[in-house]
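I have placed the structure first, in the form of structure tokens, so that the comments after it can refer back to it.
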Amino acid sequence: MYLFKPGGHMGSALIGLAAAVVGVTGTLIASVLSQRHMARVQSQEFARQQQATEAQWHREQQVAELNRRRDGYMQVNASFRRYRTHLMNFLWDVHKGAVTPDGRELVEEARRDHHSVFAEAQMVASPAVLVELDGMTTALSDVYRRTICLEEGNPEPDGSFNDIRADFVRLWERWEGMRTVMRADLGLGSVAGEPPSLGRRDASPTVDGSGTAQAA
């Protein structure tokens, strides 16, 4: 029987084999760890890209919403000024006894536009602006109703020409408050408003509730 002596060729072979196994195992482990590290890096990069994409989408949505609100508020202001002007001119026509079908139609057209524009703005307005829109709609409706009652010869107790005319000044003040809230909602500063117009002034002296003539 052939005996392997310690330190012989067989021992060296076993040591070499063990070293080779360790080397191969280390290489395999390093490869697996490298793949896992690469997968983790790729996953983190994908997550960062996804977060960046979502953040960009949210920013774009915020800009789009801001633009919708701004456009809606601009239309509200234009519609209010137009409706107020035509309704105020109609009040002067009522006072002078000079109401015409064309004048009445101008008021009704401006009123329909006001309802449409305000309804659209209510869909995009902030809660604070929505309160102002609702209040303005109620105030305008009240002035319209009292003006029509006056035109039909059935004025309300506080529905004289001068009473309603004073309401138009209050409407302007309310509009300035509404505009301030709108500008704040859009991140803008407030601006000073122009003096309110009181409509046509080519009329005879006004008459107060008791029938006393006054200068317009």
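Hydrogens, waters and symmetry mates are skipped; everything else that's a heavy atom, side chains included, is used. Keep in mind the model is a prediction, meaning the values are calculated, not measured.
- Between I164 and G159, the shortest heavy-atom contact is CD1-O, 3.5 Å.
- Y83 and M74 fall into different hydrophobic clusters, where Ile, Leu, Val, Met, Phe, Trp and Tyr side chains are chained together by heavy-atom contacts under 4.5 Å.
- Residues satisfying the side-chain hydrogen bond (donor to acceptor under 3.5 Å, both in side chains) criterion with Q75, sequence neighbours excluded, are absent altogether.
- Taking the side chain as every heavy atom from C-beta outward, M88 and L171 never approach each other to under 4.5 Å.
- With sequence neighbours left out, V94 forms a side chain to side chain contact (heavy atoms under 4.5 Å, CB included) with F90, V99, L150, E151.
- Atoms NE2 and CZ, on H95 and F161 in that order, are 4.5 Å from each other to the nearest 0.5 Å.
- In this structure, T180 OG1 and R183 CZ are separated by 8.0 Å, a value rounded to the nearest 0.5 Å.
- Counting all heavy atoms, side chain and backbone alike, A121 lies closest to G72 at CB-O, 4.3 Å.
- Here R70 contributes atom CZ and Y73 contributes atom OH; the two are 12.0 Å apart, rounded to the nearest 0.5 Å.
- Scanning all heavy atoms of the two residues, the minimum distance from H114 to S79 falls at CA-OG, 3.0 Å.
- In this structure, R68 does not pair ionically with D71, as no charged nitrogen and carboxylate oxygen lie closer than 4.0 Å.
- Here CG of N77 is found 7.0 Å from CZ of R179. Values are rounded to the nearest 0.5 Å.
- The OG1 atom of T85 sits 8.5 Å away from atom CZ of F80, with the distance rounded to the nearest 0.5 Å.
- Note that CZ of R165 and OG of S160 are 11.0 Å apart. Values are rounded to the nearest 0.5 Å.
- Contact detail for V76 and L133: the closest heavy-atom pair is CG1-CD2, 3.8 Å.
- No single ILVMFWY cluster, assembled from side-chain heavy atoms under 4.5 Å apart, contains both V131 and W175.
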